[in-house]
Amino acid sequence: MAVPEVIPIAYEPRGRTEAIGLYADGQFLGSVTYGFPKGFRLDQGWEEHKRLYSVLHTFDADGRYRDSEIWCAGTWAEQQLAPHGPDSVLARARAHLATRLRSLPRRTYTDIAVRPFQLTVDGVLFGLVTGEDDGEPWAELYPDHLGFGAPWDGSYDT
């Protein structure tokens, strides 16, 4: 079975896909996720390269990519300096995403189905990328590392 043209993603409250759904102009996919820039090396201060992003992708009703708002809240190193409280990197990223989600008119949280897309910001790959390994088709959401595959029912693997 090939990768479908439009890939379903199941809404999972309190899970990794809790910020997906429909809004007045189409569909949305939001997350707070860490990402590494392409080519970083673990032996070169990885804590400064691991960045936390607030991500909001939008799509039309047919799942065609429209736009992304990707905002870096800080690094893993910064998060470790102040891991708790409203000024932590994680709290800032979550607050930013919540504000962006509230700006979507007539927002409802539900399953979505979107077409593959990709873009690079700060050297980090973002998108829903497809491929095939040993004859098995797959799709993966980056940098979240959520993997989708047969039976293409919207469930994911990490």
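The chain is numbered in sequence order, starting from 1.
Taking both residues in full, the closest heavy atoms of Pro4 and Trp152 are given as CD-CD2, 3.4 Å, listed atom of the first, atom of the second, then distance. Across Pro116 and Ile7, no two heavy atoms sit closer than the pair CG-CD1, 3.9 Å. For Arg66 against Gly26, the heavy-atom pair with the smallest separation is NH1-N, 4.2 Å. Closest approach of Pro86 to Ala91, counting heavy atoms only: O-CB, 3.6 Å. The shortest non-hydrogen separation linking Ala82 to Ser88 is O-CB, 3.1 Å. Closest non-hydrogen pair, Tyr11 versus Glu18, comes out as CE1-O, 3.3 Å.
Side-chain atoms of Asp144 and Ser31 form a donor-acceptor pair, as typed in the model, at a separation below 3.5 Å. There is a side-chain donor-acceptor pair under 3.5 Å between Glu69 and His96. Side-chain polar atoms of Tyr156 and Glu12 form a donor-acceptor pair below 3.5 angstrom.
Between the side chain of Arg107 and the backbone N or O of Leu22 there is no donor-acceptor pair closer than 3.5 Å. Although no hydrogens or angles enter the test, the distance criterion places no donor-acceptor pair under 3.5 Å between the side chain of Ser68 and the main chain of His57. Of the possible polar contacts, none joining the Arg100 side chain to the Gly30 backbone as a donor-acceptor pair under 3.5 Å is found. The closest donor-acceptor contact from the side chain of Arg92 to the backbone of Asp87 lies under 3.5 Å. Side chain of Gln79 to backbone of Pro83: a donor-acceptor contact under 3.5 angstrom is found. Between the side chain of Gln27 and the backbone N or O of Ala61, at least one donor-acceptor pair lies under 3.5 Å. A donor-acceptor pair is defined here as one N or O able to donate and one able to accept, closer than 3.5 Å; such a pair exists between the side chain of Asp60 and the backbone of Gly63. In this structure a side-chain-to-backbone donor-acceptor pair under 3.5 Å is present from Thr75 to Glu78.
Aromatic ring pairs are classed by plane angle as parallel below 30°, tilted from 30° to 60° and perpendicular above 60°; the pair His145 and Tyr142 is perpendicular.
Note that CZ of Arg102 is 9.5 Å distant from CG of Leu97, once rounded to the nearest 0.5 Å. Put simply, CZ on Arg115 and CD on Glu5 are 4.5 Å apart, with the number rounded to the nearest 0.5 Å. Note that the CZ atom of Phe59 and the CD1 atom of Ile20 stand 10.0 Å from one another [nearest 0.5 Å]. Taking CD1 from Ile112 and CD1 from Ile9, the interatomic distance works out to 4.5 Å, rounded to the nearest 0.5 Å. With rounding to the nearest 0.5 angstrom, the CG atom of Asp111 is 10.5 Å from the OG atom of Ser155. Distance check, rounded to the nearest 0.5 Å: CZ of Arg94 to OG1 of Thr99 gives 14.0 Å.
Within the 6.0 Å centre-distance limit, the rings of Phe126 and Tyr53 are counted as a close aromatic pair. Side-chain rings of Tyr23 and Tyr109 stay apart, their centers remaining 6.0 Å or farther from each other.
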**OP:** Output, in order, the C-alpha distance, side-chain angles, deciding distance and verdict of side chain to side chain contact (heavy atoms under 4.5 Å, CB included) for Leu125 and Lys38.
**Re:** CA-CA 8 Å; Leu125 175 63; Lys38 185 176 181 178; over 6 Å; no
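In the hydrophobic cluster analysis, where Ile, Leu, Val, Met, Phe, Trp and Tyr join through side-chain heavy atoms closer than 4.5 angstrom, Val3 is grouped together with Tyr65. Hydrophobic clustering keeps Phe117 apart from Val6 (ILVMFWY residues linked when any side-chain heavy atoms are closer than 4.5 Å, directly or through intermediates). There is a path of hydrophobic side-chain contacts, each under 4.5 Å, that joins Ile70 to Val32. Under the 4.5 Å side-chain contact rule for hydrophobic residues, Phe36 and Leu119 share a cluster. Transitive grouping of hydrophobic side chains (ILVMFWY, heavy atoms separated by less than 4.5 Å) keeps Val129 and Val114 in distinct clusters.
A cation-pi arrangement is present between Lys50 and Tyr34, with the terminal nitrogen or guanidinium carbon under 6.0 Å from the aromatic centre and inside a 45° cone about the axis.
Between Trp76 and Leu52, the closest side-chain pair of non-hydrogen atoms is not below 4.5 Å. At a threshold of 4.5 Å between non-hydrogen side-chain atoms, the residues Leu104 and Leu101 count as touching. Residues Thr17 and Leu146 meet the side-chain proximity criterion, which asks for heavy atoms closer than 4.5 Å.
Tested against Leu29, the residues Leu128, Leu141, Leu56 include a single side chain to side chain contact (heavy atoms under 4.5 Å, CB included) partner, Leu141.
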